[in-house]
Q: 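I have a structure here, written as structure tokens, and I will follow up with some questions on it.
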Amino acid sequence: MFKLPLVFAGALAAALALAPSANAADPDPHDWDAVLEAARGQTVYFNAWGGSENINSYIDWAGQTLKQRYGVTVTHVKLDDTANAVAKVLAEKAAGKDEGGSVDLIWINGENFASMKRQGLLMAPDWTTALPNWAYVDHENKPTILTDFTIPTDGLESPWGGAKLVFFHDSARTPAEEMPKSSAELLEWVQANPGRFSYPQPPDFIGSSFLKQVLSETIVDKTKLSQPVTEASFSQDTAPLFDYLDQLHPNLWRGGKAYPQNYPDMKQKLADGELDIIFAFNPSEASAGIAAGELPDTVRSFTYPGGTLGNTHFVAIPYNAASKAGALVLANFLISPEAQARKQDPSIWGDPTVLAMDKLSEADRSAFAALDLGVATLKPDELGPALDEPHPDWMERIEGEWLRRYGAAN
């Protein structure tokens, strides 16, 4: 979800020869009974974003369940930036600590996955497709399960949930018919309603996602986004994006001189009436906020008919993890019908499933069908097309340019 600092990553990467991901001592997920036996008594240090109480509670539930059923202890290492966990693994590799690492499982996608894959920091490939619950995963119809920000996953990370960029507003203050239907219309709306919109400062994941959404709509040659940045044409390719932001920023909340800290902060500002439009990467987020008493029940969702960004988020096991068997058991449980249905419940989390309903038993399908997704959740056919995430190289370059132009020092 978040990015490894470029200076740190570049310096260490230059100093390291890539170590093979495979390890003869790695547990074999094809022999699941042996994995379960090896996992019993292990502690899995699950490095995952800790900025949302409902997500933290869900991870606590998963940990309690694993302890009861499999004798595996799950310790949630709460991160404010996934890059910190990636940096820890990279530092251990630089120090020659190829076994007994401090990170067992990471909630990850995008730039961080690309960095770990490139630098040989992940457990041997194809373990994900050998998990027993992989049989339920909808990899045939969800291409982002096999390709993470244009990078093939190669069985190095296990899908955990879906994501789609969706906007929210309070219908008691702002009528649905007035909501923008594209980034261009959003700019017009903000100019007509100054101070009523903002986004978190990159490299916050949600803030960076807003930049990618605008980039995807404004770049002239969209095919370039599936490839690494071409330095010779970067300024020309991103000129429409930064022209857009130059027009947007003077009309942002606090005149673009300060930014919301993250999505929970935006959510609070919508509830308090400071902002009129916010956004998240979870179609059920508004309903979950209503169910938790964090948002008024008049909040509704909308999206762009032309499409918004969509992706899948994953969990991955570092090559030197100390508790690989336990990490495999946790990764497998997280894609079980039981865990996925609970996660999709807006009163608990509201995160979209990665499972295919036609692969499930009748009882499991009924559990999903019985979920009340909430009054503010758009139906699947109302979400609009999913725009592909750009190659990770784009985000690294755009964040750097954003900070140069608009960062706190400016």
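Computed from heavy atoms alone, side chains included, the values below leave out hydrogens, waters and symmetry copies.
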Q: Within the side chain of Gln340, is there an N or O that forms a donor-acceptor pair under 3.5 Å with the backbone of Leu334?
A: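 Yes: the side chain of Gln340 pairs with the backbone of Leu334.
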Q: Strictly distance-based, threshold 3.5 Å: is any side-chain N or O of Asn193 a donor or acceptor partner for the main-chain N or O of Trp189?
A: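 Flag set: sc Asn193 to bb Trp189 pair under 3.5 Å.
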Q: Between Asp154 and Lys117, is there a salt bridge with N-O shorter than 4.0 Å?
A: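 Salt bridge: yes.
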Q: Any side-chain heavy-atom pair from Tyr319 and Lys93 closer than 4.5 angstrom?
A: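 Answer yes - side chains close enough.
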Q: Answer with yes or no after comparing the ring centroid distance for His391 and Phe149 against a 6.0 Å cut-off, counting only values under it.
A: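 No.
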Q: For a 4.5 angstrom cut-off between non-hydrogen side-chain atoms, does Arg196 reach Trp253?
A: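 A side-chain contact under 4.5 Å is absent here.
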Q: If I compare all heavy atoms of Leu371 with all of Ala341, which pair ends up nearest, and what's the gap?
A: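 Here Leu371 and Ala341 meet closest at CD1-O, 3.6 Å.
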Q: Using the ring centroid of each side chain, check whether Trp349 and Trp160 are separated by less than 6.0 Å.
A: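 Yes - the distance between ring centres of Trp349 and Trp160 falls below the 6.0 Å cut-off.
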Q: Evaluate the side-chain proximity of Trp402 to Thr238: yes if any heavy-atom separation is below 4.5 Å, no if none is.
A: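 Heavy-atom side-chain distance check fails, nothing below 4.5 Å.
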Q: Just by distance, do the side chain of Trp32 and the backbone of Val329 share a donor-acceptor pair under 3.5 Å?
A: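 It does not hold such a pair.
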Q: Of the options Glu99, Glu92, Lys97, which is the one that meets Asn320 in a side-chain hydrogen bond (donor to acceptor under 3.5 Å, both in side chains)?
A: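 Of Glu99, Glu92, Lys97, side-chain hydrogen bond (donor to acceptor under 3.5 Å, both in side chains) with Asn320 is met by Glu92 alone.
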Q: Could you give me the CA-CA distance, side-chain angles and deciding distance for Phe46 and Thr75, then say whether side-chain contact (heavy atoms from CB on, under 4.5 Å) is met?
A: CA-CA 6 Å; Phe46 183 19; Thr75 298; over 6 Å; no
Q: What orientation do His249 and Tyr259 show, parallel under 30°, tilted 30 to 60°, or perpendicular over 60°?
A: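 Perpendicular: the ring planes of His249 and Tyr259 meet at over 60°.
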Q: Ignoring hydrogens and angles, tell me if any N or O in the side chain of Thr174 forms a donor-acceptor pair with the backbone of His169 under 3.5 Å.
A: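 Looks like no, no N/O pair under 3.5 Å.
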Q: Give a yes or no on whether Tyr45 atom OH has more than 12 heavy-atom contacts from other residues, nucleotides or ligands under 6.0 Å away.
A: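 At most 12 heavy atoms, drawn from other residues, nucleotides or ligands, come within 6.0 Å of this atom.
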Q: Between Phe279 and Phe210 (judged by ring centroids, cut-off 6.0 Å), do the two rings come close enough to count as a pair?
A: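 Ring centres of Phe210 and Phe279 closer than 6.0 Å.
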Q: Step by step, work out the side-chain contact (heavy atoms from CB on, under 4.5 Å) result for Leu215 and Leu225.
A: CA-CA 9 Å; Leu215 174 68; Leu225 296 179; 3.7 Å; yes
Q: Considering all heavy atoms of both residues, which atom of Gln213 and which atom of Leu165 are nearest to each other, and what is their separation?
A: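 Heavy atoms only, the tightest pair is OE1-CD2, 3.6 Å.
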Q: If you round to the nearest 0.5 Å, how far is CG of Asp28 from CH2 of Trp127?
A: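 Going from CH2 on Trp127 over to CG on Asp28, the span is 13.5 Å.
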Q: If you draw the axis of the six-membered ring of Phe242, does the NZ or CZ of Arg405 fall within 45° of it and under 6.0 Å from the ring centre?
A: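 Judged by the rule (NZ or CZ under 6.0 Å from the ring centre, within 45° of its axis), Arg405 counts as positioned above Phe242.
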Q: Inspect the surroundings of CD in Gln247 and state if more than 12 heavy atoms from other residues, nucleotides or ligands are less than 6.0 Å away.
A: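 Check passes, neighbour count above 12.
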Q: Looking at Asp138 and Lys359, is any side-chain nitrogen of the basic one under 4.0 Å from a carboxylate oxygen of the acidic one?
A: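 Salt bridge between Lys359 and Asp138, a charged N being under 4.0 Å from a carboxylate O: no.
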Q: For a quick check under 3.5 Å, do Gln119 and Ser115 share a side-chain donor-acceptor pair by atom type?
A: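 The criterion, which ignores hydrogens and geometry beyond distance, is satisfied for Ser115 and Gln119.
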Q: Can you tell if the side chain of Glu389 reaches within under 4.5 Å of the side chain of Asn109, non-hydrogen atoms only?
A: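 Glu389 vs Asn109: side chains apart.
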Q: Going by the salt bridge (charged side-chain N to carboxylate O under 4.0 Å, His left out) test, which pairs reach into residues 263-273, not counting sequence neighbours?
A: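 Found Asp265-Lys269, Lys267-Glu285, Lys267-Glu294.
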Q: Looking at Pro346 and Ala291, what are the two nearest heavy atoms and their distance?
A: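 Heavy-atom minimum between the residues: O-CB, 4.5 Å.
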Q: Please name the pair of heavy atoms, one in Ala325 and one in Pro27, separated by the smallest distance, quoted to 0.1 Å.
A: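 Looking at all heavy atoms of both residues, the closest pair is N-CG, 3.8 Å.
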Q: Answer yes if the side chains of Ser208 and Glu399 hold a donor-acceptor pair under 3.5 Å, and no otherwise.
A: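 There is such a pair (donor and acceptor under 3.5 Å, judged by atom type) between the side chains of Ser208 and Glu399.
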Q: Do Lys324 and Asp104 meet the salt-bridge criterion of a basic N to acidic O distance under 4.0 Å?
A: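 The answer is no: the pair does not qualify as a salt bridge.
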Q: Return yes if some donor-acceptor pair links the side-chain N/O of Thr129 with the main-chain N/O of Asp126 below 3.5 Å, else return no.
A: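 Side chain of Thr129 to backbone of Asp126: a pair is present.
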Q: Thr144 and Thr312: side-chain donor and acceptor closer than 3.5 Å?
A: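 Yes, Thr312 and Thr144 have a side-chain donor paired with an acceptor closer than 3.5 Å.
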Q: Would a distance-only check, ignoring hydrogens and angles, find a side-chain to backbone donor-acceptor pair under 3.5 Å from Thr308 to Val166?
A: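 No.
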Q: So do Leu122 and Glu157 actually touch side chain to side chain, heavy atoms under 4.5 Å?
A: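 A side-chain contact under 4.5 Å is absent here.
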Q: State, yes or no, whether a side-chain contact exists between Leu309 and Ser216 at a heavy-atom distance under 4.5 Å.
A: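 Counting from C-beta outward, Leu309 and Ser216 do come under 4.5 Å.
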Q: If we ignore angles and hydrogens, is there a donor and acceptor under 3.5 Å between the side chains of Thr353 and Gln344?
A: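 Per modelled atom types, Thr353 and Gln344 side chains form no pair under 3.5 Å.
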Q: Give the C-alpha distance, both sets of side-chain angles, the deciding distance and a yes or no for ring pair (Phe, Tyr, Trp, His ring centres under 6.0 Å) between Tyr263 and Phe281.
A: CA-CA 9 Å; Tyr263 171 73; Phe281 238 122; over 10 Å; no
Q: Regarding Arg300 and the six-membered ring of Phe168, is the cationic atom NZ or CZ under 6.0 Å from the ring centre and inside 45° of its axis?
A: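 No - Arg300 does not lie over the ring of Phe168 by the 6.0 Å and 45° rule.
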Q: Report yes or no: does Asp170 contribute a side-chain atom to a donor-acceptor pair with the main-chain N or O of Ala172 at less than 3.5 Å?
A: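 Yes.
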Q: Flag the pair Pro202 / Leu211 as yes when at least one side-chain heavy-atom distance between them is below 4.5 Å, and no otherwise.
A: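 With C-beta onward as the side chain, the pair touches.
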Q: Using 0.5 Å steps for rounding, measure from the CG atom of Asn332 to the CG atom of Asn133.
A: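 Reported value, rounded in 0.5 Å steps: 4.0 Å.
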Q: Between Ile206 and Asn262, is a side-chain contact (heavy atoms from CB on, under 4.5 Å) present by the stated rule, with each step listed?
A: CA-CA 7 Å; Ile206 294 296; Asn262 48 31; over 6 Å; no
Q: Evaluate whether atom CD of Glu231 has more than 12 neighbouring non-hydrogen atoms of other residues, nucleotides or ligands under 6.0 angstrom away.
A: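 Atom CD in Glu231 is crowded, with more than 12 foreign heavy atoms closer than 6.0 Å.
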Q: Quick check: are there more than 12 heavy atoms from other residues, nucleotides or ligands sitting under 6.0 Å from CD of Glu185?
A: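 Count over threshold, so yes.
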Q: Measure the CG-NZ distance between Asn311 and Lys212 for me, rounded to the nearest 0.5 Å.
A: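 So the CG of Asn311 and the NZ of Lys212 are separated by 7.0 Å.
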Q: So which heavy atom on Gly195 is nearest to which on Leu275, and how close?
A: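 Shortest heavy-atom contact: O-CD2, 4.2 Å.
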Q: Evaluate the side-chain proximity of Leu241 to Leu245: yes if any heavy-atom separation is below 4.5 Å, no if none is.
A: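 Of all side-chain heavy-atom pairs linking Leu241 with Leu245, at least one is under 4.5 Å.
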Q: For the pair Thr303 (side chain) and Gly384 (backbone), establish whether a donor and an acceptor sit closer than 3.5 Å, ignoring hydrogens and angles.
A: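 Answer holds: no.
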Q: Has the side chain of Ser336 got a donor or acceptor atom that lies under 3.5 Å from a matching backbone atom of Ala339?
A: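 Yes, the answer is positive, given that a donor and an acceptor are paired below the 3.5 Å cut-off.
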Q: Looking only at side chains, do Ser361 and Asp364 share a donor and an acceptor under 3.5 Å apart?
A: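 Yes, because at least one side-chain N or O of Ser361 sits under 3.5 Å from a partner of the opposite role on Asp364.
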Q: Please report the interatomic distance CG(Leu360) to OH(Tyr136), rounded to the nearest 0.5 Å.
A: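 Interatomic distance, Leu360 CG to Tyr136 OH, rounded to 0.5 Å: 7.5 Å.
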Q: As an exercise, state the distance from CH2 of Trp134 to OG1 of Thr128, rounded to the nearest 0.5 Å.
A: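 Answer for the CH2-OG1 pair, Trp134 versus Thr128, is 5.0 Å.
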Q: Minimum heavy-atom separation for Gly161 and Asp351, please, with both atom names.
A: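 Closest approach of Gly161 to Asp351: CA-OD2, 3.4 Å.
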Q: In sequence, state the C-alpha distance, the side-chain angles, and the governing distance for Tyr244 and Leu187, and then conclude on side-chain contact (heavy atoms from CB on, under 4.5 Å).
A: CA-CA 8 Å; Tyr244 181 100; Leu187 176 58; 3.7 Å; yes
Q: Working to the nearest 0.5 angstrom, can you tell me the gap between Leu186 CG and Ser182 OG?
A: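 Here the rounded value is 8.0 Å.
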Q: Is it true that Glu401 and Arg404 make a salt bridge, defined as a side-chain N closer than 4.0 Å to a carboxylate O?
A: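 A salt bridge links Glu401 with Arg404.
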Q: Under 3.5 Å, side chain of Asp148 to main-chain N/O of Ala114, donor-acceptor pair present?
A: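 Such a contact is absent between Asp148 side chain and Ala114 backbone.
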Q: Taking the six-membered ring where the residue is Trp, are the ring centres of Phe333 and Tyr70 under 6.0 Å apart?
A: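 Ring-ring flag for Phe333/Tyr70: false, centres at least 6.0 Å apart.
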